[in-house]
There are 2 protein chains.
Amino acid sequence: MSNPPLSRARIGDVARLAEVSTATVSRALSNPDMVKPGTRARIREAISTLGYVPDGAARALALGRARTVGAIVPTLDNAIFARAVQGLQTTLSNSGYQLLISAHEYNLSAETEVVRALLERSVDAILLVGQDHAAQTYELIRASQVALVIMWSHPSAELAAAGETPPSIGFDNRLIGQLAADHLLSLGHTRFGAVSGFTRHNDRARERIEGFRETLAQHGCTLPDACVIEQPFGFEGGRAGLQHLLKLRPSPTAIFCGNDVLALGCLFEAQALSIDVPGALSIVGCDNLPIASQIMPGLTTILLPTYELGERAARAVLHWLADGEPPPHERLPIELIVRGTTARPCEAALQPTLA
Amino acid sequence: MSNPPLSRARIGDVARLAEVSTATVSRALSNPDMVKPGTRARIREAISTLGYVPDGAARALALGRARTVGAIVPTLDNAIFARAVQGLQTTLSNSGYQLLISAHEYNLSAETEVVRALLERSVDAILLVGQDHAAQTYELIRASQVALVIMWSHPSAELAAAGETPPSIGFDNRLIGQLAADHLLSLGHTRFGAVSGFTRHNDRARERIEGFRETLAQHGCTLPDACVIEQPFGFEGGRAGLQHLLKLRPSPTAIFCGNDVLALGCLFEAQALSIDVPGALSIVGCDNLPIASQIMPGLTTILLPTYELGERAARAVLHWLADGEPPPHERLPIELIVRGTTARPCEAALQPTLA
DNA sequence: CTGAAAGCGCTTACAG
DNA sequence: CTGAAAGCGCTTACAG
C-alpha cells in the first residue's frame, strides 16, 4: 500500500507474508474449508495487502483448463449477434468463465485462422455460428479436443440421427421460411420475392429461403431464382434488393427478407418510392429487432430469441465441460409477429416511379 | 490422421516425430530463421501430421504475456459499443492479439469483479469505457501492473496535465453538448430540454449535458434541472423522456438526447403523438447510428466515429505493450450531421394531445 | 490441517 | 544451427 511494488505479487509473496506454504495459499483460494480459519484469515490479509491476483496462465497450465470459452461470430456489428454474445457473456461470467470473442466478417478461411488463434489461447470450448465451416476448421477443433457447440442452426434430421454433428443450439431455419410463406399466402399473395444475405457459406440464409420456397411450392406457387436477390446485410442491401425485385415483371407483392435489417432496408426504400406498406406491398422480416416494433407502420417479422440463444449455448458448454458429456441438440421456439394491417394488398397500387 | 490421438499433441510429440529437441520446435515456431530449412520442413511436417496447436497457457507463462487484451463495456446490446468492440477486435486480431470481452450493465461494482476476472486470465491490458470507475477497480489494475486505456472519454485538461489519468482515447463529450446547443440556438429555439442516460457513474452522459447547459447559458438561455430527464437507454426511455418533457409548461421546442437510441425513442413518440419533427419540435441525437439516416424525416445527430475509436484504442494498447511507453491521450473528431429541415419550428404547432 | 516436491507445456539463455 | 536444463507461477497427490 505504501510504495508501489517492483513487480506484481506472486503466490510466494503471499505465502511468505502469511507465514505459510504456497500450497496452503493455493488451498485457501480454491478449497477454503481445507484450511484452518485462522490461517485463512492471515492469508486473506496478506492477499489484500499485496493486491495479489493469481496468474491465470499458470493456473490454466496446472489445471489443464483455462475457464475461457471462445466464440466466433460473423460480425458484432449486427444487433442480432451482439445480443447473442451478450447472452453468452453474461451466462459464462456468472459461472466463472470468460469469453474470448472474434469475428470473421463472413470469410470462412479467416475463420480457420481465428479458430487457431483461439485454440492457441487454450480455450476450453469453441462456439461457432451455423454449420457451414471450412473442413480445416472442424479438423483443427477435433485435433485439439476442445468442446464445440454450434449456434443458430439446427442439424438436419439425418445428420443428427447419425450423430455426425456437433451439439447445436439453434433455430429451425427452414421453419422460418415456412412461417413467412404461410403468412404471406394467408394474405392472398400470389407473386413472391425474397431478399437474402449471401447463401454461400451460410446455411441459415440458405435454409430460410429453401423453407420459404418449399412452402410456396406446396401451395402451388413458385419462387423463381430471379425472385431471390442476395445482398450484403445492411439497410443498403435491403434497399437495393427491393429495387431489384421491383424491376421484375410482374413484380412481387410479397417479400420475405432473411433478416430485419434487410427488411427494414426494403421498407425504407418502399417509403422513399411512396409504395404503401403493407397496403401495396407486404414485407416479412426475421429477428424481431427492437426497432421493428417502433417504426411506422411496424414490421411483420419472425421473433428469434437471440439473447436466450446465447444463454442456452453457454449453458450447454458449461454442462459439457462439467459432465464431460456432450449436450443434446436444442431447438429454440420461434414466433411470427404480425404488425400493420393484414389486408390483402391492392396490387394495382404497386406502380412505383423508379428513380 | 489415422486413429484419433489419445490426447492433444504436445511440443514433445512434435519433437519426437521430427527427431529434434523441443527447443528446436519452439524456435521453428517463433523464430523460423534460427533453424535450418531442412529441419524446419521436418518440423512443419510433424506439426501438421499431429495437428499440433501450441498451448497458450504454457506459452503465456513462459513468456510473461498472454497476447490477450480484456475490454469491459457497459453492454454489447447497443450498436455503439458493439461497433467499437468490433474495431478493437479486428485491430487486435491483426496483430496476433485476442480480445476477452465483458459487460457490466452499468453496475460499477460488477465491473470491479469483471476486472478481477480478466486479471485472473492474465490479460496484458485492460480497456474500460469512461472515467467513472470504482476506486477498487483502479486499485486492482494498478496493483496488477497491466496497461489500462480508457475509451470514450477525454480527461479534463487539469487532470491530463497532472498526468493523473490513464491514457484516454475518446471524444470531447462536453463539445458534443455544445454542438447540439449551437445548432438548436441557431434554429432560434429558446426553450430546451434534454433526455439523458443516467448520469451517475457515467461521465460521458454528465459532460454532454454540462456542455449543453453551459453553451445555452453563454447565450442567455437556461436549462433547468426539471428539463433534463434521465432515462434508461432504449427506445422506451426516449419515449418516456419526451412524454415527461411535454408535460412541462412551457414545454421545450428543442431536445438534446444523450444518444441516438434515446433520440429515436423521442422521435417515435413524437410521431405517435402526431407532433411534427422537425417542424414543431427539433431533436438532436448523438452517435449517428446507421438507422439515423434511414428513418424519415431523418435524425440530426452528432457523428461519433466509434469503430475508429475501437481501432485507435487497440493501436494505443499495442504500442504500449510493444514500447513500454504509455500512449498519449487522443481525442477523435466529431461532427454535427444535420438532417431534416432546419427551419425555426412554429411553436404554436406544439400542442400535442397527450394520451 | 499443512508443507516439500513434482509437474503442467512452453521458452530461452547457455554451451557446444 | 541445435540440445540439455532451468524456469515461468500455479496445483495437488503424498506424507506427516
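It should be emphasised that the depicted structure is a prediction, and the values quoted were computed from it without experimental measurement. Reminder, nothing fancy here: chain letters follow the sequence lines and each chain counts from 1.
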Using atom C1' of each nucleotide, how far apart are dT12(C) and dG16(C) to the nearest Å? 16 Å
Please compare Asp33(B) and Leu63(B) by the position of their nearest nucleotide in DNA chain D and report the one closer to 5'. Asp33(B)
Phosphate oxygens OP1/OP2 of dT2(C): is one of them under 4.0 Å from a side-chain N or O of Ser21(A)? no
Within the pair Tyr52(A) and dG9(D), is there a side-chain N or O less than 4.0 Å away from OP1 or OP2? no
From the options dT12(C), dC1(C), dG9(C), select the nucleotide whose nearest atom is closest to the side chain of Arg27(B). dT12(C)
Without decimals, in angstroms, what is the distance between Arg16(B) CZ and dC10(C) P? 12 Å
Checking Arg67(A) side chain against Arg121(B) main chain: does a donor-acceptor pair fall under 3.5 Å? no
Measure from the side-chain heavy atoms of Ala62(A) and tell me the nearest of dG3(C), dC8(C), dT12(C). dC8(C)
dC14(D) versus dC10(D) - spacing of their P atoms, nearest Å: 24 Å
Taking CZ from Arg59(B) and P from dT11(C), how many angstroms apart are they, rounded to a whole number? 5 Å
Short N-O contact, Arg16(B) and Asp13(B), less than 4.0 angstrom: yes
Side-chain N or O of Ser26(B) less than 4.0 angstrom from OP1 or OP2 on dC10(C)? no
Taking CG from Asp13(B) and C1' from dC10(C), how many angstroms apart are they, rounded to a whole number? 13 Å
Whole-angstrom distance between dA5(D) and dC1(D), as gauged at atom P: 24 Å
Any donor-acceptor pair under 3.5 Å from Thr306(B) side chain to Leu309(B) backbone: no
Does the side chain of Thr24(A) pick up a donor-acceptor pair with the side chain of Ser21(A) at under 3.5 Å? yes
Nearest to the side chain of Leu61(A), heavy atoms from C-beta on, is which of dT2(C), dG9(D), dT12(C)? dG9(D)
In this structure, how many angstroms lie between the P atom of dG7(D) and the CZ atom of Arg10(A), rounded? 16 Å
Is the number of heavy atoms from other residues, nucleotides or ligands under 6.0 Å of Glu308(B) CD greater than 12? yes
Per nearest nucleotide of DNA chain D, the residue lying toward the 5' end, Pro54(A) or Arg42(B), is Arg42(B)
How about Thr90(A) and Glu311(A): does a side-chain donor come under 3.5 Å of a side-chain acceptor? no
Which whole-number value in Å describes the distance from Arg67(B) CZ to dC10(C) C1'? 15 Å
Any strand: nucleotide that pairs with dA4(C) via Watson-Crick or wobble, under 3.5 Å: none
Atom CG of Asn31(A) and atom P of dC1(C): how far apart are they, to the nearest Å? 12 Å
Atom pair distance, as rounded to whole Å: CD1 in Ile11(A) and P in dC10(D): 5 Å
To the nearest Å, how far apart are Asp55(A) CG and dG7(D) P? 18 Å
Under 4.0 Å from OP1 or OP2 of dT2(C): is there any side-chain N or O of Thr39(A) that close? yes
